[in-house]
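What follows is a set of notes on a single structure, which appears directly below.
Treat the numbers as computed from the prediction; the structure is a model and nothing was measured. Naming convention: chains lettered A, B, ... in sequence-line order (proteins, then strands); numbering from 1 in each chain.
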Amino acid sequence: MKKNLCWLRRDLRLKDNHALGRALTEGNETFLCFVFDTRILSSLNDPLDRRLTFIIESLQEIEKQLQDYGSSLIILHGDPVEEIPRLMKDKNLDALYYNRDYEPYAKLRDQKVEKKLHALNIKTYSFKDHVFYEKEEIKNGSGKYYQVFTPYKNKWLETFYNQEKVVPHFNCPSEKLAKHFGDKNVLRHDWWTEIGFIKTKNEIKGGREDGKKKLRQFRKSISHYHETRDFPFLNATSHLSAYIRMGNISIREMINAALETESKGADVWLNEIIWREFYQMILDSHPEVEKHCYRRQYDQLKWEGKKKDFQDWCNGKTGFPIVDAAMKCLNATGFMHNRLRMIVASFLTKTLLIDWKKGERYFAEKLMDYDLASNNGGWQWCASTGVDAQPYFRIFNPVTQSEKFDPEGEFIRKWCPELIYLSNKEIHSPHDIEDYPAPIVSYQEQKVKALKMFKLIE
DNA sequence: TGAAATGTTGGGGCG
DNA sequence: ACGCCCCAACATTTC
């Protein structure tokens, strides 16, 4: 009689889950648990953090399904390094199954958990699930990790088309779930208030059902993705980022969706998935990028931006409509279109001259889909301090970008109602509008300073 | 997944 | 018909 524990973390689904599938097939009875990690929770600044609601919704859905199978989810609250071994000892479980996470904190945590369990004679098994290829699988001719995206992508695709005839799917036979009811009933609508959570009202609901709905919806327009994706008002992106972040949808399901329609749009979307894999690989192989510039000499950059400007950027009060609209959207919804992320990141770093790490932290606080690897990679790309970053002299002009990607000002009008009556021509760079701030800096002057700042390091 | 300055080309207006 | 200028439109260079 082999009793297993599958520890869910950022893989909140019961279908196509590698660790769960293996736990179920290799054991006689499998328990499922999720830990609200107090170390992570205590680092959150906001009790109204949207992501907690998303996670709770995902867990509620899982609990409902488990109850249909006569099982239940075990919810723990504490430090996983203590909680997981305690649970396994209490229930006399034989082996732990989990999917690997490539963030520095998670790697250290999992290492500690394993060490404790091994001391208790409990076996541990970890699996690749969160990415399609792990860092060791995609390397260049001389056995090194890629530093440039395009050759990485080529190798990724070559590997994919040469080796993988099909995208694997992991079966999760539900009959082997433990007949068990957890200590906390996640269906009870207010149990989380006991540990200090407050539920938020979000535009998107957590869980696999809603993720699948989004994917189904996106499939209809995926063939146009390459033409429409850059225009925030069109909402032509998949909006799946939060679902892939929490694992409501598996990476294999995403890749399958990209492969099923042969089109330019689907290729470009797959490309974005490969960017995600690229940054996961970078974080796994270079954990120091969490706190430092990938190109370490840029840790010396003298960011001279003012605190007040940072506040204005956060609050969407810079006087540059596209930037302000984007930030208000982020603050109100926890989401921001990718094009806008690039615009506001370029603006913060190269126009306001504020360290990318401050912007990266702000996004970490606000984004529903926040993922350390992608967020850090994206910010360092924009700030020109990272792997395969844009050259430092590539500086976005917020007005030009606005004219190009929101030509009719539709996105701006949605989030800056005080500008609603301006013409398409005026709206990108308004003057003397009541209730709307004048530009807090001169783009032209700041651009010169940015170039100087980088030249000092070069 | 720039922007802006500078250089080149070619068609049209006009003396 | 011709040269000259103007100026888009496009290409190249620079940061």
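Between A/Ile343 atom CD1 and B/dG2 atom P the separation is 10 Å, expressed in whole Å. Rounded to whole Å, the distance from NZ on A/Lys455 to P on C/dT14 is 12 Å. Between A/Leu340 atom CG and B/dT1 atom C1' the separation is 13 Å, expressed in whole Å. Between the P atom of B/dT1 and the OH atom of A/Tyr392 lies a distance of 22 Å, rounded to the nearest Å. A straight line from CD of A/Gln390 to P of C/dT14 spans 20 Å, rounded to a whole angstrom. Taking atom CZ on A/Arg394 and atom P on B/dG2, their separation rounds to 5 Å, with Å as the unit. Between the CZ atom of A/Phe454 and the C1' atom of B/dG2 there is a distance of 14 Å, given to the nearest Å. Summarising the geometry, the separation between CD1 on A/Ile395 and P on C/dT14 is reported as 18 Å, rounded to the nearest angstrom.
Side-chain N/O atoms of A/Asn397 include one lying less than 4.0 angstrom from OP1 or OP2 on B/dA4. Taking only side-chain nitrogens and oxygens, A/Lys404 comes nearer than 4.0 Å to OP1 or OP2 of B/dA3. The phosphate of B/dG2 (OP1 or OP2) has a side-chain N or O of A/Arg339 nearer than 4.0 angstrom. For the pair A/Gln401 and B/dT1, the criterion of a side-chain N or O lying under 4.0 Å from OP1 or OP2 is not met.
For CD of A/Gln297, the number of neighbouring non-hydrogen atoms (other residues, nucleotides, ligands) closer than 6.0 Å is greater than 12.
A heavy atom lying under 4.0 Å from DNA chain B marks the following residues of residues 441-452 of chain A, by number: A/Tyr443, A/Gln444, A/Lys447.
Ring geometry, A/His130 versus A/Tyr102: the interplanar angle falls under 30°, so the pair is classed parallel (tilted spans 30 to 60°). Classification of the A/Phe454-A/Trp303 ring pair by plane angle, with boundaries at 30° and 60°, yields perpendicular.
Geometrically, A/Arg9 engages A/Trp7 in a cation-pi contact, judged by NZ or CZ lying under 6.0 Å from the ring centre and within 45° of the ring axis.
Using a 4.0 Å cut-off between charged nitrogen and carboxylate oxygen, A/Asp79 and A/Arg39 count as a salt-bridge pair.
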Pair A/Glu134, A/Arg100 - check salt bridge (Lys or Arg N to Asp or Glu O under 4.0 Å), show working.
CA-CA 10 Å; A/Glu134 287 182 329; A/Arg100 285 190 280 275; 2.7 Å; yes
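In this structure, the ring of A/Phe127 has its center less than 6.0 angstrom from the ring center of A/Tyr97.
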